[in-house]
Amino acid sequence: MTTVWASLLGLALAYAGMSCLSFAMDRHHEQLTRGREVPARRRTGLRVIGVVLLAAAVVPCVMAWGATVGSVAWLGFLSAGALPVALLLPYRPRAVAWGAGAAAVAGGAGLVPVLAGLLR
Amino acid sequence: MSTPATKAPSQGGFRQAQAWLHTWCGLWFSWLLFAVFLTGTLAVFDEPITHWMTPEHHAEEAAAAAKKEKGEPTADRAQRLAWGMAYMARHHPGAPMWELWPSDAQGGGELRVFWFDANREYVGVTLDPVTGKPLNDGAGHAARATQGGHHFVDFHYELHAGTVGLWIIGIATMAMLVALVSGVITHKRIFKDFFTFRPKKGQRSWLDAHNAVAVLTLPFQFMIAYTGLVISGTSFMPAPKVLHYGTGPAAQMRFVSELSGSENPVATGRAMPVPVLEPFAARGQERMGQPVRAVVIDHPGDAGARIGVYGWNGDDDALRRLSAATSGMVQFSAATGEVQRVRLPGAADGGAAMTAQSAMGGLHMVTFGGWPMKWLYFLCGLAGTAMMGSGAVLFIVKRRQKHLGEFGGATARVYRLVEALNVAAIAGLAIACVGYLWANRLVPVGIGHRADRELQVFFALWALALVHAFVRQPARAWREQLGALAALCLLLPVVNFLTTGDHLLAQLLRSDWESLGVELGVMAFGLAALGALRHLLRKGAR
């Protein structure tokens, strides 16, 4: 996997994961939906999906850079993915949510051939 | 056992103590650390900046690339090494070390030779790979003398002040680690406020921004401060070394050679011509499994001469290794031809401690991972810069609302000092950085000590910004310096066009991504300064 491709995938997955974690919090859920509190099941769901996406971001990193540099890159992408979430939420919460959905789908789709290759 | 009633105040006391520590430790070092972070962030791209600052080399590089594309036949390694040796034997027979770089990893490219001259300076010359004659056209004498992007590297860890500067930066870095730890303890709602940023709320917004950039990039900030200290560990904690080895150059040499596990070769005084190098190169390549990057001869012409063969790291090595700086190496005795030492690619000299040290250095200087990692470091470095700047501004914004009177009668004067230092440290330093690039284009090419003149412009602009910040009212000083910064950044491509004739479109057409990246990056900083200025003007109008 080329490093540019891995960077795009890692960034997309980290951003999507961080968005899910943010919308599982009352304050940011309210920014998006005007609903005061996050329903309990949705909160759990968003957290699980968020953690899974963040964990998935490690896959392209390790594939492109190996375990040593890959784990450093992963930590970096977690930071890089979280910054736009925090800075855009007060201005464009809907755009953050739509962007997260698109990033999750694109990141997931990008991972499919990789994982299929690993299983074969 | 303490009851909850007694526990709560003691916890509050601890947190308050940490807040006090964070505020004052952070404030007094924030200006210096802002400079370290901004220049350190720019230092990530020191090579592209150097490229932009040496426009005389662009034509040469283009010609070399065209030659390579045409596939002009060049000499093989044996011939290249023979030419290099002949050049050194003829022009610099007395040099204590000859270093020949025969070719790139594919066996093509330039042939270069290096040595230490009479002033112990490391110098080199490029030889034509087709004829073996030195290349003189355009190289060296005609190019403008400049430190290029290395100025930012040097400034961010020793302020161009040698050991004294290194110590100042080391103390500031310690203070940064203290501020990071005390900041995390002070931040009561670190998880609840993880993604929180509330703009247009004055003091609250500054606090949110300060927290967000710091918390979200915390692993990077800890790593960069810690590795920054570790790299110069023996300078900051010299006692064990001094006790064991003593002081002075001889002690230092013994320390380095024992650390790397290699003996320094000793000249015997008996003359012996340098043997033909190609057999050594071929055997070295076989032992380390890498194409030959350099052949180094210590004490050439002496019977005690040593020949070291160094390898080219493959692209993959540089991507996947934290300590990418070390390549394979094989050392031979020139007299007997026997192998003295083998270092395999990726291994550091002298065992696990040196490998760890090398990985720490790689981690700090982002020698690994290629361009994506450099951009990631650039982004996180900017976040760190923003952390320092927002912290310093937050201190004074908080006190503009409510005078806290920490310094009794002198409080107003101290606040004024802090305001002025904020302007000069943030906007003023940025002006000095872009002014350094302006100086590169405006200082005449032939002038003596030209590289120093560029540095003088950098420091003079910074000093001027400091004076200006004290003379003008803070609000005006901010506006004027941000305006100057925006103008200098946005007009840099114009100056470049007027002085060298180069422009963005030409850079794009010849795929000169480094020059293009530098100019677009500087313009992005200019737009950010313009945005900040607009924000201040609107706030002033309200």
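All values below come from the heavy atoms of this structure, side chains included, with hydrogens, waters and symmetry mates left out. By convention in this document, chain letters (A, B, ...) are assigned in the order of the sequence lines, proteins followed by strands, and residues within each chain are numbered from 1. Please read all numbers here as calculations on a predicted model, not as lab measurements.
- Contact detail for B:P199 and A:Y91: the closest heavy-atom pair is CB-OH, 3.2 Å.
- In this structure, B:K192 and A:R27 approach most closely via the heavy-atom pair O-NH1, 3.8 Å.
- Heavy-atom neighbours of chain A within the stretch residues 38-48 of chain B, taken at a separation under 4.5 angstrom, are nonexistent.
- Proximity to chain B among residues 6-20 of chain A is limited to A:S7, A:M18, judged by heavy-atom separations below 4.5 angstrom.
- If you tally non-hydrogen atom pairs under 4.5 Å between each of A:T3, A:L87, A:D26 and chain B, the highest count goes to A:T3.
- For the pair B:F195 and A:L89, the minimum side-chain heavy-atom distance is below 4.5 Å.
- In this structure, chain B has heavy atoms under 4.5 Å from both the backbone and the side chain of A:L83.
- By a heavy-atom distance cut of under 4.5 Å, not one residue of residues 96-107 of chain A is near chain B.
- No more than 12 heavy atoms of other residues, nucleotides or ligands lie within 6.0 Å of OH in B:Y226, so this atom counts as exposed by the packing criterion.
- Crowding of B:R510 atom CZ: a count of heavy atoms from other residues, nucleotides or ligands under 6.0 Å exceeding 12.
- Contacts of B:N211 with chain A are absent, with no heavy-atom separation under 4.5 Å from either backbone or side chain.
- We find the CE-OG1 distance between A:M25 and B:T196 to be 6.0 Å, quoted to the nearest 0.5 Å.
- Under a cut-off of 6.0 angstrom, the local environment of NZ in B:K398 is sparse, with at most 12 non-hydrogen atoms contributed by other residues, nucleotides or ligands.
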Per-pair distances, 0.1 Å, donor-acceptor, side chain in residues 64-80 of chain A, under 3.5 Å, sequence neighbours excluded:
| unit_1 | atom_1 | unit_2 | atom_2 | d |
| --- | --- | --- | --- | --- |
| A:W65 | NE1 | B:G369 | O | 3.1 |
| A:S71 | OG | A:A67 | O | 2.9 |
| A:S71 | OG | A:T68 | O | 2.9 |
| A:W74 | NE1 | A:L54 | O | 2.9 |
| A:S79 | OG | B:L216 | O | 2.6 |

